[in-house]
Amino acid sequence: MGEKTVRGRFAPSPSGRMHLGNAWSALLAWLAARSAGGEMVLRLEDLDPDRCKPHLCDGVEEDLRWLGLDWDLGGSAGGETFYQSHRGELYRAALEVLRGRDLLYPCFCTRGQLHAPNAPHRSDGEVIYAGTCRALTAEEREARARLRRPALRIRVPEEEVGFVDRLQGPYRENLARDCGDFILRRSDGVYAYQLAVVVDDALMGVNQVVRGSDLLGSTPRQIWLQGLLGFEPPEYAHVPLLCAPDGRRLSKREADLTLAALRGAGTTPEALVGRLAHAAGLIDRPEPIRARELIPLFSFDRLPRADITIF
Ligand code: GLU
């Protein structure tokens, strides 16, 4: 039997215009798939209605195309446009599977309770849930539900979940100790990223996930959910993050580093791709180059492992 075709994805959250950090992970995800003769899917992770605005979705396609990246499924490439905000039925069906295994419970904790000063935190800053609502009786749940709409959490076991990342090497977490019961649906009914990403990657046939190393710590949770839902885990490669010269991560708040702003200031896509490719160790000098000229030069082995400061 032949090797399975690689299928990667762009999964931006349209909560702002694409910035340099998004361009970096998009370029590397695209090169990883294309250099293996693979396909790319575009999915807009617009679950959070407070942060994601419809007009920003159009900007994503424009920015990706400007960089010289293309894709085979989703958006204007054909088929349907994959907006997570339209896929609630699929996430609900997955929740029902997990509910059937008696793994879900309502959580009535307020933000203030969750972020109490003595709450334990993960190394990435997220709070590890203390399990406050896990053992509520049916009567207590009923009484609380009259006052407040609950979030839905999943009960995690004392279990080590590990995997070998293509760039970061072996990584494991004890779900109960390092992560805690996590939210699958917020109290306002919005499905959580951890659930949506697992359902979507599986249903879209994604078998290669290349994304920023800030999501390394989400991966054990996602692999565990994949197991419960009967999905095959994709291959993961967590790329280093781009940092500003002061060491802070480039974020959407750095408005001058959006692709739209760089383009407006006269930067060409070739110049930008050249600088990113140089930072990725794919070319010797930061000279202008087209994204597709990098396809034969790409190898995971050439990429740096540690975060990078450029610009
Ligand atoms: N939508 C996420 C982001 O833009 C990426 C999620 C993922 O790659 O799994 O940060």
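Here, residue 1 is the first one in the sequence, and each next residue gets the next number. Ligands are counted one by one from 1 in listed order, and the atoms in each one are counted from 1 as well.
Close approach to E45 involves these atoms of ligand 1, each under 4.0 Å from a residue heavy atom: 1 (N), 2 (C), 5 (C), 6 (C). Applying the 4.0 Å criterion to heavy atoms of S13 picks out, from ligand 1, the atoms 1 (N), 2 (C), 3 (C), 4 (O). Of all atoms in ligand 1, listed by their number and element, those nearer than 4.0 Å to a heavy atom of L215 are 5 (C), 6 (C), 7 (C), 8 (O), 9 (O). Near V197, meaning under 4.0 Å from one of its heavy atoms, ligand 1 places the atoms 9 (O). Short contacts between ligand 1 and Y193, defined as distances under 4.0 Å to a heavy atom of the residue, involve ligand atoms 6 (C), 7 (C), 9 (O). For ligand 1 and R211, the ligand atoms under 4.0 Å from any heavy atom of the residue are 7 (C), 8 (O), 9 (O).
L215 places none of its side-chain heavy atoms less than 4.5 Å from the side chain of V197. Using a 4.5 Å heavy-atom threshold, the side chains of R87 and D200 count as touching. When side chains are defined from C-beta on, C107 does not count as touching I183, because their heavy atoms never get closer than 4.5 Å. At a threshold of 4.5 Å between non-hydrogen side-chain atoms, the residues R43 and M204 count as touching.
No N or O atom of P12 sits closer than 3.5 Å to an N or O atom of ligand 1.
With a heavy-atom cut-off of 4.0 Å, N22 does not touch ligand 1 at all.
Heavy-atom separations between R9 and ligand 1 include at least one value shorter than 4.0 Å.
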*Quick one: do Y191 and Q84 satisfy side-chain contact (heavy atoms from CB on, under 4.5 Å)? Show the steps, please.*
CA-CA 9 Å; Y191 291 97; Q84 286 192 324; over 6 Å; no
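By the criterion of side-chain heavy atoms lying less than 4.5 angstrom apart, applied directly or through intervening Ile, Leu, Val, Met, Phe, Trp or Tyr residues, V206 is not grouped with F10; the two fall into different hydrophobic clusters.
The two residues A119 and L114 come nearest to each other via the heavy atoms CB-O, 3.6 Å.
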